[in-house]
Amino acid sequence: KSNQGRLDSFFGPS
Amino acid sequence: MFEARLAQGALLKKVVEAIKDLIEDANFDCNSSGFSLQAMDSSHVSLVALSLRADGFEHYRCDRNVSMGMKLASLSKILKCANGDDAITMKSEDNGDTITFMFESPEQERLSEFDLKLMDIDSEHLGIPDNEYDATVKLPAAEFQRIVKDLSTIGDTVEISVTKDAVKFGTTGDIGNANIMCRQNKAADKPDESTEIDINEAVSLTFALRYLNSFAKATPLSTHAVLKLSKELPILVEYHIPEVGRLAFYLAPKIED
């Protein structure tokens with residue numbers, strides 16, 4: 001089973 | 001004040017149609033270098049990044065940096081009132097609470113003005129590292145749109161696998177499974193139909209088709225879609241808008257449990 005990743009966990013705040 | 005005239009107003013119409021179903025409202029940031037937007041969808045799974053360079057406009061003036069919050073559905077309603085061959089001018093006073101869209105027909109016999117109320121939007125700006133990708137695939141935008149549409153009839157997710165000379169899109173669903181492979185094809189006589197693969201390392205990642213289908217609404221903006229993939233990183237789907245800028249989308253991958 002796979003879960004949808006969230007962008008926040010890849011890109012930090014600028 | 002901010003004032004920008006786009007001779008090809010249709011570009012702006014197409015941009016808004018491509019993003020309005022993904023994001024509800026967003027801040028459009030204007031500074032001396034251009035007109036841009038960065039916004040995530042409400043579930044923080046995908047991100048839209050638009051940039052229209054100042055020199056892509058026929059006339060561009062931005063005295064101070066402004067951030068204009070707009071509801072995309074309202075913006076779309078207004079831009080639908082512009083004809084495809086109209087020039088569109090956007091105008092806003094410093095600290096103004098509206099933005100004016102002026103539509104001019106090619107012979108200038110029809111001029112219309114629509115004011116859109118601006119809104120305050122709290123937006124989170126993400127820092128996107130400018131990293132090198134494991135694989136870059138440039139394929140005709142219409143082909144990419146068709147692939148994600150066709151695969152959606154079978155499954156919810158797509159596994160995109162890139163090797164040296166081909167890209168494979170695969171899905172599985174209740175009724176069966178499907179695979180579409182596109183080989184590298186640099187047809188010099190038909191540049192619009194070329195498929196080009198640039199690879200440092202073979203890569204395979206899984207994404208939700210729903211979002212890729214939404215990104216493909218940008219198809220009318222460009223001959224090609226450019227997919228950039230790296231192991232365990234979000235995919236970047238780019239549409240280059242000739243001489244004006246680009247519309248890019250990021251989508252977080254599905255992660256194995």
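To find a chain, count down the sequence lines: A is the first, B the second, and so on, and within it residues start at 1.
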* To do: Could you tell me which residues in residues 168-176 of chain B have at least one non-hydrogen atom under 4.5 Å from a non-hydrogen atom of chain A, sorted by residue number?
  => none
* Structure fact -> OH (Tyr250(B)) and CZ (Phe10(A)) are apart, to the nearest 0.5 Å, by 13.5 Å
* Structure fact -> Output for pair (Asp156(B) CG, Gln4(A) CD), nearest 0.5 Å, gives 11.5 Å
Minimal non-hydrogen separation, [X] against [Y], with atom names:
| X | Y | result |
| --- | --- | --- |
| Leu251(B) | Leu7(A) | C-CD2, 4.4 Å |
| Gly127(B) | Phe11(A) | O-CB, 3.6 Å |
| Gly5(A) | Ala252(B) | O-CB, 3.2 Å |

* Please look at Ser43(B) and chain A and tell me whether the side chain, the backbone, both or neither of the residue comes under 4.5 angstrom of a heavy atom of that chain. => backbone
* Per-residue contact mode, Glu232(B) against chain A (heavy atom under 4.5 angstrom) -> backbone
* Do other residues, nucleotides or ligands put more than 12 heavy atoms under 6.0 Å from the CG atom of Asp94(B)? -> yes
